[in-house]
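Heads up: the structure comes next, in structure tokens.
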Protein chains: 2
Amino acid sequence: MALEHAILVSLAERSASGYDLARRFDASIGHFWKASHQQIYKVLGRMESDKLVESHLVAQDGRPDKKVYAITTEGRSELTSWLVTPTPVEALRSEFAVKLRALHLSDRDAVLADVRRRREQHAAQLESYESSAAHYYPHPDRLDDDELGPWLVLRGGIIAEQAGLAWCDEILKELS
Amino acid sequence: MALEHAILVSLAERSASGYDLARRFDASIGHFWKASHQQIYKVLGRMESDKLVESHLVAQDGRPDKKVYAITTEGRSELTSWLVTPTPVEALRSEFAVKLRALHLSDRDAVLADVRRRREQHAAQLESYESSAAHYYPHPDRLDDDELGPWLVLRGGIIAEQAGLAWCDEILKELS
DNA sequence: AGGAGCATGTAACTAGTTACATGATTGT
DNA sequence: ACAATCATGTAACTAGTTACATGCTCCT
């Protein structure tokens with residue numbers, strides 16, 4: 001399961017509670033790996049019994065206690081060996097492509113509206129990635145060692161959104 | 001569940017057995033929606049009890065009998081209403097992006113080898129899409145009504161593979 | 001008084017994967 | 001003799017989603 005590994009990556013950077021992880025997944029990593037808090041709590045529980053992570057309770061004032069998880073030595077070695085295994089190409093699953101393929105059975109205006117919606121979503125996501133890039137990496141030609149990975153991931157997001165946008169534009173050209 | 005709808009699209013074009021569907025999913029639709037034969041049989045069973053499809057046995061000589069499924073009127077109306085509902089943007093899940101993000105914890109050569117592998121896979125897939133396009137749609141400016149959808153889907157595949165390739169090249173440039 | 005944010009979870013369900021199981025025919 | 005193709009499935013498991021559940025504090 002890759003969520004486990006995504007959590008290990010995140011905890012390797014900094015220890016965190018389930019709640020913290022859920023927020024991190026909403027922000028940075030979450031663009032490439034979504035996870036709900038329910039799923040995170042469940043997986044953290046299993047990871048703890050597998051000794052990949054360990055937790056200790058931290059009392060806070062004015063806020064509920066939190067259970068802070070840290071990666072263990074075992075977790076780190078699991079992470080290291082996962083990092084160097086070849087990654088299987090992920091199967092892309094596109095409901096939209098299935099609908100588009102059935103265009104001749106469908107309603108042209110409905111498809112058109114759907115494509116326009118998608119186009120706007122791609123445009124918005126692209127803009128958000130680009131402003132992240134400008135904000136966090138103003139000098140992409142001079143990146144620290146630990147910035148290169150995140151930067152390249154962000155570039156991947158930008159490239160993917162541009163491609164999504166280009167596809168929508170091509171569809172719109174054909175349909176309207 | 002979108003597999004149900006992908007099956008309905010496929011059966012709306014032509015009736016088929018579970019086995020036939022599995023092969024179709026391996027070929028055209030499968031580039032955008034993978035499904036194993038086990039899963040297809042299971043879903044077909046449910047769809048039959050839901051009256052979206054109906055089957056009859058066809059005896060063949062020299063080959064095992066097959067159960068040919070056809071879309072029902074109810075299936076067709078389900079399909080029609082699904083086709084016009086707005087499509088939620090699919091969350092992209094990239095194990096590769098998670099690994100790349102952890103580049104500073106990883107082995108540079110292993111990542112490099114992985115990226116090269118992915119690059120070749122994208123290149124191979126792109127070539128396969130492009131030869132499909134050249135073969136099935138030699139005149140993309142004069143497409144029949146029922147060809148436009150599949151053509152646009154193929155274009156989406158081409159655009160996505162080009163983007164994947166471009167990303168790999170950018171990573172390779174940074175890493176080597 | 002009400003909503004947002006902090007914090008943790010359980011339960012039930014749906015979707016998808018992997019392993020197992022069978023058996024005939026056709027081609028090398 | 002052996003592998004590939006045709007043909008259909010079951011069983012066990014893993015991953016992920018949706019709905020439900022609780023309770024405190026801070027801000028408006």
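First the proteins, then the strands, lettered A, B, ... as listed; each starts at 1.
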How are the rings of B/H5 and B/W82 set to each other: parallel, tilted or perpendicular (split at 30° and 60°)? parallel
Are B/Y137 and B/L148 linked, directly or through other ILVMFWY residues, by side chains that come within less than 4.5 angstrom of each other? yes
Go through the steps to decide whether A/L8 and A/V53 satisfy the test side-chain contact (heavy atoms from CB on, under 4.5 Å), and finish with yes or no. CA-CA 8 Å; A/L8 287 176; A/V53 299; 4.2 Å; yes
Return the value, rounded to whole Å, for the distance between atom CG of A/L21 and atom P of C/dA7. 12 Å
Under 4.0 Å from OP1 or OP2 of C/dT8: is there any side-chain N or O of A/Y19 that close? no
For A/T87, run the side-chain hydrogen bond (donor to acceptor under 3.5 Å, both in side chains) check against B/R117, B/K99, B/E95 and tell me which one passes. B/K99
Any chance you could lay out the ring pair (Phe, Tyr, Trp, His ring centres under 6.0 Å) test for B/H31 and B/Y129, step after step, and finish with the verdict? CA-CA 10 Å; B/H31 292 308; B/Y129 286 152; 5.0 Å; yes
Rounding to 10°, can you tell me the angle the first-five-pair axis of the helix from C/dA1-D/dT28 to C/dT28-D/dA1 makes with its last-five-pair axis? 30°
Relative to the 5' end of DNA chain D, which residue comes earlier, B/S17 or B/R93, by the nucleotide with the nearest heavy atom? B/S17
Separation of C/dA21 atom P from B/H37 atom NE2, nearest Å, is 14 Å
Cation-pi geometry met for A/R101 and B/F32 (6.0 Å, 45°): no
Group every Ile, Leu, Val, Met, Phe, Trp and Tyr by side-chain heavy-atom contacts under 4.5 Å, then state whether A/I40 and A/W33 land in the same group. yes
B/E127, CD atom: more than 12 neighbouring heavy atoms under 6.0 Å: no
Would you mind checking if A/E74 and A/K51 are paired as a salt bridge, meaning a charged N to carboxylate O distance below 4.0 Å? no
Contacts of A/K34 and A/P64 projected onto DNA chain D by closest heavy atom; the upstream (5') one is A/K34
Comparing nearest nucleotides in DNA chain C, the 5'-proximal residue of the pair B/R63, A/G18 is A/G18
Just checking B/Q60: base, sugar-phosphate only, or nothing, at a heavy-atom cut-off of under 4.0 Å? sugar-phosphate
Please list, in 5' to 3' order, the outermost nucleotides of DNA chain D lying under 4.0 Å from any heavy atom of chain A. D/dA15 to D/dT25
To the nearest angstrom, the CG-C1' distance between B/D65 and C/dA24 comes to 11 Å
